[in-house]
A.B. asks: 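Let me begin by handing over the structure; questions about it come next.
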Protein chains: 2
Amino acid sequence: MKVKTKAAPGYAAVKEEILRRIRAKAWAPGDLLPGEIELAGEFGVARGTMNRALRELTEQGYLERKRKGGTRVRPSPLRAARFEIPLVRAEIEATGAVYGYELLSRRIEAGGAALRALLGLDNDEQLLRLACLHLADGKPYQLEERWISISALPQAGRADFSASGPNEWLVQTVPYSDVEICFEANGASALVARHLGVAPGTPLFTTLRTTWLKGKALTHVRLSHHVHYRMVARY
Amino acid sequence: MKVKTKAAPGYAAVKEEILRRIRAKAWAPGDLLPGEIELAGEFGVARGTMNRALRELTEQGYLERKRKGGTRVRPSPLRAARFEIPLVRAEIEATGAVYGYELLSRRIEAGGAALRALLGLDNDEQLLRLACLHLADGKPYQLEERWISISALPQAGRADFSASGPNEWLVQTVPYSDVEICFEANGASALVARHLGVAPGTPLFTTLRTTWLKGKALTHVRLSHHVHYRMVARY
DNA sequence: CAGTGGTCTAGACCACGTT
DNA sequence: ACGTGGTCTAGACCACTGG
């Protein structure tokens, strides 16, 4: 007699058993699995339940499915990790530290050619450039260099960024936009080095993010993280 | 009479319309949505279909759901990005370049205290340490420093890593294991600098990955990427 | 304790892609 | 042409949790 330890939902229990068989190589990479109806019969569940289990395992990269072709174990597993991108404030407060914010500079400028191309700006369109410092318990945590397209977001020209950062303002104003995010390693520039309190050239983890709404570029930001910043995920 | 342009699956069409209402602020952040049954009625679909639409929007970070509490628009959207982690070989060949591999060193060692703790090694357990270079069109692309627990993977001691990398061997041998991955920025060590052809201290994007199978740590790897390496995602 | 989401079922039709 | 997965439906029971 079997004792269920946790009474997992049926589709989850099915997923675990299938994954167990894959790891045990009962179904090896490349192998063709039985059809949904047959599997449903074997596991004693409805086809809908089996379909959900197989669909989720496919999304997680363990299986490949094709109509008429059937379901196969992925030859080499597709490894993918999911990273949550929190607001700096939430990230800092999650560690128990007190969040601090400081507006370093604010001005209107044209920006470089690469940046103008990235944001798709016309000849006479200007940018609002902001530099801000985010602090944890009073210590520099992240330097934010941001460019906002004034033509796409005219309200930004009238917004006050002295008390809270443009990030939070943007989340309030244009939530649910499209984003491209990019991570790289860079040596600290003079500006970054001065405000983060490190030597120029110090390797820093950097985030670049561009935001669009309905195909129109709104803003681009460069986030220089404190030394020893790391991004972690499990999968 | 309505003309469907693309005939999207019902649940997907429902998702799009709900997302449209959220972006149009017909349902603002924090707002409570009608219940599943009512929404299903309004959209003219079965409850199961509406449930799938709402469930997926929740997974994507747009909604929050609680039993009895109902469904709400997330106050500030939870931004998450999914990154695919390819094998180096695939990554290089995807750019059209020719993949090259070189085993730099191979030896048995004890490893540092931090590493031993990370891998959960007992007193007399040894590590196999490998250093390898991955090349694109003959140019250094990525330096791999790997430690393999011999007690967890005794076959590794007999494997030949001179022709292809430990990564590919591991994917064949122990696919579908549990992984913790971590990204950071580091200055190039002497070893890394020499083989990647950069000056020591050059900022490099670094990946650290630890792999477990059934709770037992198998291997830890440090990947130093070439200069200008970036990781990109959209969401 | 009552209402909401979470899940399951049995049956059905359809689209795609291999044969 | 035909088999497989993709999706939808109508109805049901259950678990969690807020009022």
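In the text below, chain A, chain B and the rest are named by the order of the sequence lines, each starting its count at 1.
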A.B. asks: Measure from the side chain of B/A46, starting at C-beta and using heavy atoms only, and say which of D/dG18, C/dT18, D/dA10 lies closest.
C.D. replies: D/dA10
A.B. asks: Counting side-chain heavy atoms from CB outward, which of D/dT7, C/dG5, D/dG18 is closest to B/K66?
C.D. replies: D/dG18
A.B. asks: Assuming nearest nucleotide by heavy-atom distance, tell me which of B/G35 and A/G69 is located more 5' along DNA chain C.
C.D. replies: B/G35
A.B. asks: Of B/L54 and A/V45, whose closest DNA chain C nucleotide lies nearer the 5' terminus?
C.D. replies: B/L54
A.B. asks: I need the CE-C1' distance between B/M50 and D/dA10, as an integer number of Å.
C.D. replies: 15 Å
A.B. asks: Do B/E184 and A/M231 make a side-chain contact, defined as non-hydrogen atoms from C-beta onward lying under 4.5 Å apart?
C.D. replies: no
A.B. asks: Report yes if some heavy atom in the side chain of B/L128 is under 4.5 Å from a heavy atom in the side chain of B/W147; otherwise report no.
C.D. replies: no
A.B. asks: If you check every side-chain atom of B/R65, which of C/dT7, C/dG5, D/dG5 has the closest atom?
C.D. replies: C/dG5
A.B. asks: State which of D/dG18, D/dT7, C/dG6 makes the closest approach to the side chain of B/K68.
C.D. replies: D/dG18
A.B. asks: Mapping A/G48 and A/G70 to their closest nucleotides on DNA chain D, which lands nearer the 5' end?
C.D. replies: A/G70
A.B. asks: Taking the side chain as everything from C-beta on, heavy atoms only, tell me whether B/N51 gets closer than 4.5 Å to B/R55.
C.D. replies: yes
A.B. asks: Output yes when B/K15 and B/E56 qualify as a salt bridge under the 4.0 Å nitrogen-oxygen rule, no when they do not.
C.D. replies: yes
A.B. asks: Please confirm whether any donor atom in the side chain of A/R47 sits under 3.5 Å from an acceptor in the base of D/dG5, or the reverse.
C.D. replies: yes
